[in-house]
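What follows is a single structure, written as structure tokens, with notes after it.
Treat the numbers as computed from the prediction; the structure is a model and nothing was measured. Throughout, protein chains are lettered first and strands after them, A, B, ... in sequence-line order, and every chain is numbered starting at 1. Side-chain atoms are counted along with the backbone in the values below, which use heavy atoms only and exclude waters and symmetry mates.
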Amino acid sequence: MALDEQIYELRREKLKQIEALGQATYPSKYEFTHTIPQILAEFLPKTAEELEASRVNVRVAGRIMAIRLMGKAGFAHLQQDGQRLQIYVKKDAVGDQGFDLYKLLDLGDHIGVNGYLFRTRTGELSVHVEAITFLAKDLLPLPEKWHGLTDVELRYRQRYVDLVMNPAVREVFVKRTRLVQSLRRYLDGQGFLEVETPMMHAIAGGAVARPFVTHHNTLDMDLFLRIAPELYLKRLTVGGFDRVYEINRNFRNEGLGWRWNPEFTMLEAYQAYTDYLGIMNTTQGAIEQAVLDVTGGMKTKWGDEELDWSHDNWRRMTMREAILHFWPDAAGAKPEITDFAAHEPVKALVARVRGAGVHLKYDAAEPVGKTVANLFEAVAEEHLLQPTIIYEFPTAISPLSKQKPDEPDWTERWEIYAGKMEIANGFSELNDPEDQRSRFEGQLKERERGDDEAHQMDEDYIRALSYGMPPAGGVGVGVDRLAMLLTDSHTIRDVILFPLLRAEKPGPPEPTNP
RNA sequence: GGGCGCGUAGCUCAAUUGGCAGAGCAACUGACUCUUAAUCAGUAGGUUGUAGGUUCGAUUCCUACCGCGCUCACCA
């Protein structure tokens with residue numbers, strides 16, 4: 001029998017003994033007067049004399065994270081909401097039965113205690129326990145108390161243990177929640193309406209990505225998990241919701257990596273009667289507020305670097321300017337802004353960049369705009385540490401964006417970069433149904449050329465636009481990546497509670513409860 | 001998919017050139033009525049990821065497989 005199974009059986013035996021002491025083994029509830037954080041906040045400032053002068057009785061619950069037995073007395077630390085409070089259990093105070101119960105407790109058990117607050121000889125705020133109520137047993141041994149749980153796979157697979165053992169992990173997810181709350185509050189305050197649109201799409205649209213496929217039996221139809229809510233949200237602007245947003249999951253059937261999880265959380269917002277600049281300001285405002293709400297300041301740690309999110313530190317430059325600005329010295333003289341218009345000069349730029357040792361994919365048959373975007377990623381993205389807005393994207397890779405009136409090869413589209421990651425993408429929404437149809441047709445050509453991620457035709461979406469969509473700016477914000485930036489987490493799996501893992505291989509049979 | 005690395009007790013980690021598989025925590029027994037990495041005495045816990053190979057002898061070297069991590073590619 002493996003050791004953990006031995007412990008499991010042993011602790012089940014202890015449960016029976018606890019029951020024999022008259023305690024319910026899995027009681028339904030526990031009435032408490034304080035949480036541990038409340039006690040710490042209110043009484044940590046009090047001196048031993050103050051606590052003695054006016055006795056403070058408390059009933060408090062928690063999980064045992066440390067326990068020390070010394071003959072006829074003992075100490076333990078209870079943990080609740082990531083914080084710990086010491087309890088002092090003396091046989092004289094809890095009686096024989098109470099102390100028998102105490103001796104049957106293990107690390108990880110949940111208990112409730114009532115008693116009064118005092119300070120120990122060494123000054124630690126503690127509960128002088130008068131009665132213990134057993135609440136639930138931990139049948140499996142917790143990880144080691146010094147080093148905790150560090151095995152990366154185990155941390156993700158058994159996040160519940162990770163959260164018990166690693167307060168810093170808990171803190172990350174608390175901050176993630178604060179982030180989402182802040183974003184909602186900001187948009188709600190600007191008159192945006194939060195909505196829910198379908199997760200299952202007949203046509204996977206609104207982004208360029210490979211979808212997951214599923215099937216509905218009764219209707220006998222294949223459906224795609226959504227890769228973006230975009231086209232549904234814009235249908236709502238047609239329907240008269242002038243400011244809408246949705247915060248929810250998208251699914252993309254692509255590789256995993258430090259910035260990619262197959263399901264991820266996106267905030268998408270649409271604002272009627274404004275353009276890409278309007279939604280850019282809305283987005284920047286929301287992010288600045290979120291940084292303040294989550295971290296309490298405008299500067300955040302990012303590895304060895306510091307990100308400064310204060311308004312004046314944000315840079316704005318066009319994609320073409322960014323390529324010039326970050327042009328590698330080894331690739332020779334900087335290009336001219338006019339070099340990005342045609343295949344030949346762009347091809348020459350690709351050759352020069354490759355000659356400088358920069359990895360860059362190139363397909364002579366792809367639209368020139370796509371090559372320029374790749375060029376941008378190759379030379380500029382790695383430099384975009386501080387918050388930076390890159391704007392004016394090639395039309396070829398922006399099938400849902402409005403073109404610039406004076407330069408139809410370029411669109412009114414931007415992306416926010418920070419920490420060398422793209423965290424948001426917004427544009428003036430294309431609302432001309434004829435233009436949209438020809439853009440989709442262009443994408444279909446790309447699909448024929450072999451790009452199986454090119455956007456599909458969506459006739460109903462064209463029909464919706466044909467009823468008239470107001471001018472609007474729209475944006476998508478990668479909530480997970482923003483959470484990474486605000487918590488100094490360098491892999492997306494550290495900000496997703498249960499990231500996608502390979503299915504656990506069936507191990508030896510678990511201890512069974514007959 | 002390519003490259004690099006890792007896999008030893010429940011957890012965190014050792015093991016010299018290929019030579020008896022170890023420690024701390026957790027667990028068990030006992031002592032201890034202000035401890036806090038409690039202490040003290042004792043006990044138990046291992047198919048060294050799996051399967052082969054080389055060798056007198058393999059945790060150690062080789063091969064394959066499985067799993068995990070990092071990285072590159074893919075993912076606008």
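- A donor-acceptor contact under 3.5 angstrom links the side-chain atoms of A/Gln86 to the base of B/U35.
- Nucleic acid contact for A/Glu377: sugar-phosphate only, since backbone atoms but no base atoms lie under 4.0 Å from a heavy atom of the residue.
- In summary, the aromatic rings of A/Phe326 and A/Tyr417 are positioned with their centroids too far apart to meet the 6.0 Å limit.
- B/A44 and B/C62: their C1' atoms are spaced 37 Å apart (whole Å).
- At a threshold of 4.0 angstrom between heavy atoms, the contacts of A/His77 include nucleobase atoms, whether or not backbone atoms are also involved.
- At a threshold of 4.0 angstrom between heavy atoms, the contacts of A/Lys91 with the nucleic acid are absent.
- Counting any heavy atom pair closer than 4.0 Å across all strands shown, A/Arg155 reaches no nucleic acid atom.
- Phosphate proximity of B/C28 to A/Lys14: present, with a side-chain N or O under 4.0 Å from OP1 or OP2.
- Base contact: A/Arg413 has a heavy atom under 4.0 Å from a base atom.
- Checking B/G69, B/U35, B/A27 against every side-chain atom of A/Arg493, the shortest atom distance belongs to B/G69.
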Collect all protein-nucleotide pairs involving nucleotides 8-11 of chain B in which both atoms are nitrogen or oxygen and the distance is under 3.5 Å.
unit_1, atom_1, unit_2, atom_2, d
B/C11, O2', A/Glu144, N, 3.2
B/C11, O2', A/Gly148, O, 3.0

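- Where RNA chain B pairs in unbroken runs of 3 or more (Watson-Crick or G-U, both distances under 3.5 Å), the stems are B:1-7 with B:66-72, B:10-13 with B:22-25, B:27-31 with B:39-43, B:49-53 with B:61-65.
- In terms of phosphate contacts, A/Arg119 brings no side-chain nitrogen or oxygen within less than 4.0 Å of OP1 or OP2 of B/C34.
- In this structure, A/Ile67 atom CD1 and B/A37 atom C1' are separated by 16 Å, rounded to whole Å.
- Heavy atoms of A/Glu415 sit nowhere under 4.0 angstrom from any nucleic acid atom.
- Separating the P atom of B/U47 from that of B/A26 is a span of 23 Å, rounded to the nearest Å.
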Please produce a list of atom pairs where a protein N or O lies less than 3.5 Å from an N or O of nucleotides 21-23 of chain B.
none

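- Residue A/Lys370 is out of contact with every strand shown, counting any heavy-atom pair closer than 4.0 Å.
- B/U8 and B/G24 are spaced 15 Å apart, taking the C1' atom of each and rounding to whole Å.
- At B/U39, none of the side-chain N or O atoms of A/Arg68 fall inside 4.0 Å of OP1 or OP2 (strictly under the cut-off).
- When the nucleotides B/C34, B/A27, B/A76 are ranked by their closest atom to the side chain of A/Leu10, B/A27 comes out on top.
- Using a 4.0 Å heavy-atom cutoff across all strands shown, A/Phe118 reaches at least one base atom of the nucleic acid.
- In this structure, A/Asp92 and A/Arg11 both approach RNA chain B, and ranking their closest nucleotides by distance from the 5' end singles out A/Arg11.
- Taking every side-chain heavy atom of A/Trp146 into account, B/G24 is the closest of B/U33, B/G24, B/U35.
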